[in-house]
Amino acid sequence: MNALKRLASLPASQLASIVIAIVAVAGFLIGAWTWLQAPDYRVLFASLGDRDGGAVVAALAQMNVPYKYNDGGSAILVPSNLIYDTRLKLASQGLPKGGTTGFELLDQQKFGTTQLQEQVNFQRGLEGELAKSIQSVSAVQSARVHLAIPKPTIFLREHQKPTASVLVTLFPGKTLDASQVQGIVHLVSSSVPELADQSVSIVDGSGNLLSRSAEVNGLDPGKLAYVHELEQNAQRRVAAILEPIVGPGNARVEITADVDFSQTERTAETFAPNGGAEKAAMRSQQTTESSNVNGTAAPGGVPGAQANTPTNAGSAATPGAGAGNGTTSNASKKDNTTNYELDRTVETRRLPTGTVKRLSAAIVVNHRTVAAPKPADGKADAKKDAKAEAANAAAATISQPLRKEEIEQITALAREAMGFDEKRGDSINVVNTPFTQAEVLPAADVPLWKDPDNLATAKEVGKNLAFGLLAAYLLFGVLRPAVRRLTTQVVTATTTETPLLASETEVTATPVLAYPEHLQRARQLARDDPKALAGLVRNWVAAE
C-alpha cells in the first residue's frame with residue numbers, strides 16, 4: 001500500500017517514465033522467452049522442383065504444420081520434433097514425386113496423336129518408371145535413365161540391340177556396392193526387350209563408371225559370393241576342429257578355393273555290335289519264294305527254225321533237238337531278308353558349374369603356453385641368459401613349440417575337415433610359431449561433457465537459466481532500484497520541507513547564539529541529514 005501511495009504521489013512525468021520502463025522490460029522478457037522457446041527448424045526436403053515444392057507446401061498447410069524456407073528457397077524446413085512424422089504422412093500421399101514423370105504421360109494423350117509421338121511418350125514413360133524404381137534404393141538420391149531403342153526392321157543384317165545408360169546421384173557419404181550395381185543392371189535389362197546386361201552402363205554423379213566394377217574377371221557378384229562362402233565354410237570347419245586342441249585364439253586358418261565356373265555340355269552316340277542271332281533283337285523279316293512247273297518244255301537249243309518248231313512226244317528226236325526241247329520244266333526261287341536292331345546309345349551330359357578345382361590351406365598355430373619352471377639351484381640360474389632370466393622372472397608362464405607328432409596330428413585333422421583331395425592338387429601348410437601379443441588399450445569412456453544427450457540437456461537448462469538470471473537482473477537490479485530511487489526522492493522532499501523551514505525560523509529567531517554556535521549547528525545538520533541541508537539550500541536559492 002505504501003508503494004502504491006508513493007507511486008500515486010509521483011509527478012506525471014516520473015510516473016510515465018516508470019510505466020514505460022516496466023513495459024519495456026516486460027516486452028524484452030516476453031521476446032526473449034519466445035525466442036528461447038521457438039522450435040528448432042530442420043530441413044524436411046531439399047532441392048525440390050517447383051511442382052513438388054508447391055504440392056508439399058499445400059500438404060503442410062492442410063496438416064497445420066509450421067514451415068519456412070531457407071535463404072535460397074531451395075529447402076523446406078519444419079520443426080525438428082515433427083520432421084519424421086511429417087515425412088511419413090507426406091510419403092503416404094506420394095509426395096514428393098521427385099519431378100520424374102512415368103506412365104502418367106500416357107494418360108494425357110490427345111486426339112490426333114501420331115504413332116511417333118506415342119512411341120516417344122511410351123519411351124519417356126518407361127525411362128521415368130525405371131528412374132523411380134532406381135530411386136527406391138536407399139543410397140540413391142536421384143536417377144536418370146536414357147534408353148536407346150532402335151527402330152524395328154525386317155532385315156536381320158540391319159537389326160540392332162537396344163542400349164541403356166543410367167546416371168545416379170548418391171546421398172553424401174553413401175556408396176553402391178557391386179551387388180547393388182548388378183541389381184540395377186538386371187532391373188534395367190529385364191524391363192526392355194532384347195536388352196543385355198552388357199549393354200547397360202551406370203555412372204555416378206562424379207562420372208565414375210560403376211557397371212564395369214560390378215564384374216571382376218568376368219564373374220558377377222553372385223559367383224564371387226559363392227567362392228567367398230565356400231572358403232569361409234572350410235575355414236570355420238578347420239577352426240572348429242582345431243580350437244579344442246590348441247585353445248581359442250591360438251590358430252589362424254586361411255583357405256583359398258579355385259572354382260571352375262565354365263559351362264560344358266557333352267553329347268555322345270555309340271553303337272554296340274550284335275552278339276549273335278540268339279542275342280540280337282530282330283526288327284523285321286521278309287521271305288519271298290517262287291516256283292514254275294510245266295509238262296512241255298519250253299523251246300530251247302540253238303536258235304533257228306528247227307529249235308522253234310515243236311515236236312511230238314512219240315516222234316524220234318532229230319539230232320540236235322534234244323538239246324533244245326524237253327517234256328518237263330521245274331524252276332523255284334526263295335529270298336529271305338532279316339533286319340536286326342542296332343544297340344544305339346545317345347548320351348548328353350552337362351557338367352556342373354562351380355566345381356572346386358583346387359583348395360589351398362594355410363594354418364598358423366601358436367606355441368603352447370606352460371607354467372615357468374622354478375630354478376632348482378643357483379648353478380642352473382647362472383647358466384641362463386640374463387635377458388631370458390629377467391623375462392621368466394617377470395612372467396609366470398612361458399611358451400613352448402609343439403612337438404612334431406602334434407603338428408602332424410593337426411595337419412591330418414585339418415585335411416579331413418577341409419575335404420583334402422590329393423588327386424585334385426590340394427595343398428596344406430601348417431606352421432607353428434609364437435603369436436605377437438598386441439597391447440590392447442581399454443576403451444575410452446566418453447566424458448559427461450562430451451555426451452550428446454548431456455550436451456542437449458545442458459543446452460536446454462542453460463537457456464532457461466540464462467533467461468531467469470536476465471529477468472531477475474532486470475526486475476531486481478534495474479527496474480526496482482530505479483522506482484525506489486524516484487519515490488524516495490519525492491517523499492524526502494515533501495517530508496523535509498516543513499522541518500527545514502522550522503529550523504530556518506529557529507536559527508533566525510534566536511539572536512542570543514553566537515556565530516560559532518550557528519556554524520557548529522550547521523555542520524552538525526550537514527552530517528546528520530545531508531538531504532535536509534540540500535533541501536534548505538534549494539529553498540534559499542528558489543526564494544532569492
Below 3.5 Å, can you tabulate the donor-acceptor pairs from side chains in residues 244-254 to any protein atom, sequence neighbours excluded?
unit_1: Asn250; atom_1: OD1; unit_2: Asn366; atom_2: ND2; d: 3.4
unit_1: Asn250; atom_1: ND2; unit_2: Val246; atom_2: O; d: 2.6
unit_1: Arg252; atom_1: NH1; unit_2: Gly249; atom_2: O; d: 3.0
unit_1: Glu254; atom_1: OE1; unit_2: Gln235; atom_2: NE2; d: 3.3

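- Atom CG in Leu209 sits 8.5 Å away from atom CD1 in Ile202 (nearest 0.5 Å).
- A donor atom on one side chain and an acceptor atom on the other are found under 3.5 Å apart for Arg358 and Ser360.
- At a cut-off of 3.5 Å, with distance as the only test, no side-chain donor of Asp204 or Ser206 sits close to an acceptor on the other residue.
- Between Gln400 and His367, every side-chain heavy-atom pair lies at or beyond the 4.5 Å cut-off.
- A distance of 12.5 Å separates CE of Met418 from CD1 of Ile241, quoted to the nearest 0.5 Å.
- For the pair Glu127 (side chain) and Leu147 (backbone), a donor-acceptor distance under 3.5 Å is present.
- A donor-acceptor contact shorter than 3.5 Å links the side chain of Ser189 to the backbone of Val185.
- Classification of Lys423 and Asp421 as a salt-bridged pair fails, no side-chain N sitting under 4.0 Å from a carboxylate O.
- Of the residues listed (Val192, Ile184, Ile134), the one engaging Val145 in a side-chain contact (heavy atoms from CB on, under 4.5 Å) is Ile134, and it is the only one.
- To the nearest 0.5 Å, atom OG1 of residue Thr369 and atom CD1 of residue Ile398 are 9.5 Å apart.
- How far CD1 of Ile428 is from CZ of Phe420: 7.0 Å, rounded to the nearest 0.5 Å.
- Asn429 pairs by the side-chain hydrogen bond (donor to acceptor under 3.5 Å, both in side chains) definition with nothing, not counting sequence neighbours.
- To the nearest 0.5 Å, the span separating CZ on Arg415 from OG on Ser427 amounts to 10.0 Å.
- Tyr67 is not listed as a side-chain neighbour of Val56, based on a closest heavy-atom distance of 4.5 Å or more.
- In summary, Glu406 and Arg368 engage in a salt bridge, as defined by a charged side-chain N under 4.0 Å from a carboxylate O.
- Between the side chain of Tyr226 and the backbone N or O of Gly354, at least one donor-acceptor pair lies under 3.5 Å.
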Trace of the side chain to side chain contact (heavy atoms under 4.5 Å, CB included) decision for Val356 with Asp258: CA-CA 6 Å; Val356 179; Asp258 185 7; over 6 Å; no
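- Asp177 is not listed as a side-chain neighbour of Val181, based on a closest heavy-atom distance of 4.5 Å or more.
- Annotation: side chain of Leu44 is in contact with side chain of Leu90 (closest heavy-atom distance under 4.5 Å).
- Of the possible donor and acceptor atoms, none in the side chain of Gln93 sits under 3.5 Å from a partner among the backbone N and O of Ala59.
- Using modelled atom types, no side-chain atom of Asn208 and backbone atom of Leu210 make a donor-acceptor pair closer than 3.5 Å.
- Using modelled atom types, one side-chain atom of Asn432 and one backbone atom of Val365 make a donor-acceptor pair closer than 3.5 Å.
- Counted by atom type alone, His146 and Gln123 present zero donor-acceptor pairs between their side chains at under 3.5 Å.
- The shortest distance between side-chain heavy atoms of Ile83 and Asn81 does not fall below 4.5 Å.
- Taking CG of Asn64 as the start and CG of Leu82 as the end, the distance is 11.5 Å to the nearest 0.5 Å.
- Tyr41 places a side-chain heavy atom less than 4.5 Å from the side chain of Pro66.
- Residue-environment remark: CZ (Arg144) stays at or below the threshold of 12 foreign heavy atoms within 6.0 Å.
- Scanning both residues, Pro162 and Pro150, for their nearest heavy atoms gives CA-CD, 3.7 Å.
- With a 6.0 Å radius and a threshold of 12 heavy atoms from other residues, nucleotides or ligands, Gln160 has its CD atom at or below the threshold.
- A side-chain donor-acceptor contact under 3.5 Å links Asp426 to the backbone of Leu359.
- When all heavy atoms are compared, the tightest approach of Val140 to Ala143 is CG1-CB, 4.3 Å.
- With hydrogens and angles ignored, the 3.5 Å screen pairs no side-chain donor or acceptor of Gln119 with any backbone N or O of Leu116.
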List the steps, then state whether salt bridge (charged side-chain N to carboxylate O under 4.0 Å, His left out) holds for Arg424 with Glu422. CA-CA 5 Å; Arg424 193 171 52 188; Glu422 187 176 0; over 6 Å; no
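- At least one side-chain heavy atom of Val120 sits less than 4.5 Å from a side-chain heavy atom of Arg124.
- Applying the salt bridge (charged side-chain N to carboxylate O under 4.0 Å, His left out) test to residues at least two apart or on different chains, the pairs with a partner in residues 78-93 are Asp85-Lys89.
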